[in-house]
Structures are given as structure tokens and as C-alpha cells.
Amino acid sequence: MAEERVLYSERRPYVVADSLDELVGPTVGLVELPLRLDWSEQGTYNLDEPRELNLMYERVLREAMDVQDLRRYLNGPMLRAVWRQLFLPQRVRDLWEQGFPELADVS
């Protein structure tokens with residue numbers, strides 16, 4: 001009997017904010033993420049570049065272990081604006097859209 005394969009991304013605990021209004025992070029300029037969120041060579045993101053902003057949001061949404069990181073690095077209105085462009089594990093997307101149905105309705 002073969003065991004069903006479960007991906008790490010489906011079991012990993014993810015953090016979701018209580019409110020999009022509490023996400024008051026920057027929307028422009030350079031942001032350096034701490035190693036606990038980004039251990040890649042990049043580490044610093046220019047939020048004036050859409051590709052880099054999206055990449056930083058993806059990393060924070062996947063790697064944050066407490067709501068303080070979400071508050072510090074994400075911005076609620078910006079998250080709404082880029083939500084559909086983000087490449088996220090399905091479980092992350094589902095958790096955030098369950099908590100914030102307006103994200104699921106973003107076209």
C-alpha cells in the first residue's frame with residue numbers, strides 16, 4: 001500500500017494577520033529582510049521595482065513566523081494591489097483568502 005505524499009508546504013504553519021489594516025510596512029525604497037525571512041543572496045529589495053516588491057512579499061508571506069514580521073514588512077493596500085501577481089503555495093493563498101475574502105475577489 002503506497003502512502004499518500006504530503007508536501008512540506010501543506011503542513012507548515014503559516015502566519016496570517018488579524019487585519020489588513022495592521023499591515024503598515026513600506027511601499028517604496030529599499031528594504032533589507034532579516035536572515036530569518038530571507039537567507040538568499042538578495043536580502044535587499046527595491047520596492048520601487050514591481051518584480052522585487054512582489055518577490056519580497058512572497059518571501060515574507062511564506063517565511064514569517066510571527067505577525068510582527070507581517071506588520072513590519074507588508075502593507076495592506078499594497079498587498080491587495082499585488083495579490084494576484086504573487087507566486088505562493090496554495091495553502092498560503094487559501095489561508096489568507098479565508099481570512100480576507102476581499103483578496104479572493106481581487107481581479
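One finds the CG atom of L103 at 9.5 Å from the CG atom of L86 (value rounded to the nearest 0.5 Å). Between the CG atom in N75 and the CZ atom in R71 there is a gap of 14.0 Å [rounded to 0.5 Å]. Note that the CG atom of L55 and the CD atom of Q85 stand 13.0 Å from one another [nearest 0.5 Å]. Taking CG from D105 and CZ from R80, the interatomic distance works out to 12.0 Å, rounded to the nearest 0.5 Å.
Heavy-atom minimum distance, Y73 versus M56: O-CE, 3.2 Å. When all heavy atoms of L23 and A17 are compared, the closest pair comes out as CD2-CB, 3.9 Å. In plain terms, the two heavy atoms of R72 and P26 that are nearest each other are O-CD, 3.4 Å. Of all heavy-atom pairs spanning W39 and R36, the tightest one is CZ3-O, 3.9 Å.
For the pair V67/V16, no side-chain contact is recorded, criterion being any heavy-atom separation below 4.5 Å from C-beta on. Residues W96 and L20 have side chains in contact (heavy-atom distance under 4.5 Å, counting atoms from C-beta outward). The closest side-chain heavy-atom distance from V31 to T44 is not below 4.5 Å. For the pair F100/L95, no side-chain contact is recorded, criterion being any heavy-atom separation below 4.5 Å from C-beta on. Using a 4.5 Å cut-off on side-chain heavy atoms (C-beta onward), L79 and L61 make contact. Counting heavy atoms from C-beta outward, L70 and V15 have side chains that approach closer than 4.5 Å. By the 4.5 Å heavy-atom criterion applied to side chains, L88 and Y14 are not counted as neighbours. Proximity of W83 to R93: side-chain heavy atoms (C-beta onward) are separated by under 4.5 Å at one or more points.
Without hydrogens or angle criteria, D69 side chain to A64 main chain gives no donor-acceptor distance under 3.5 Å.
A search for salt bridge (Lys or Arg N to Asp or Glu O under 4.0 Å) contacts involving R62 returns nothing, not counting sequence neighbours.
Applying the salt bridge (charged side-chain N to carboxylate O under 4.0 Å, His left out) rule to pairs touching residues 41-60 yields D38-R59, sequence neighbours excluded.
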Practice prompt. Would you check, one step at a time, whether the test side-chain contact (heavy atoms from CB on, under 4.5 Å) holds for T27 with L47?
Written response: CA-CA 6 Å; T27 59; L47 302 187; 5.7 Å; no
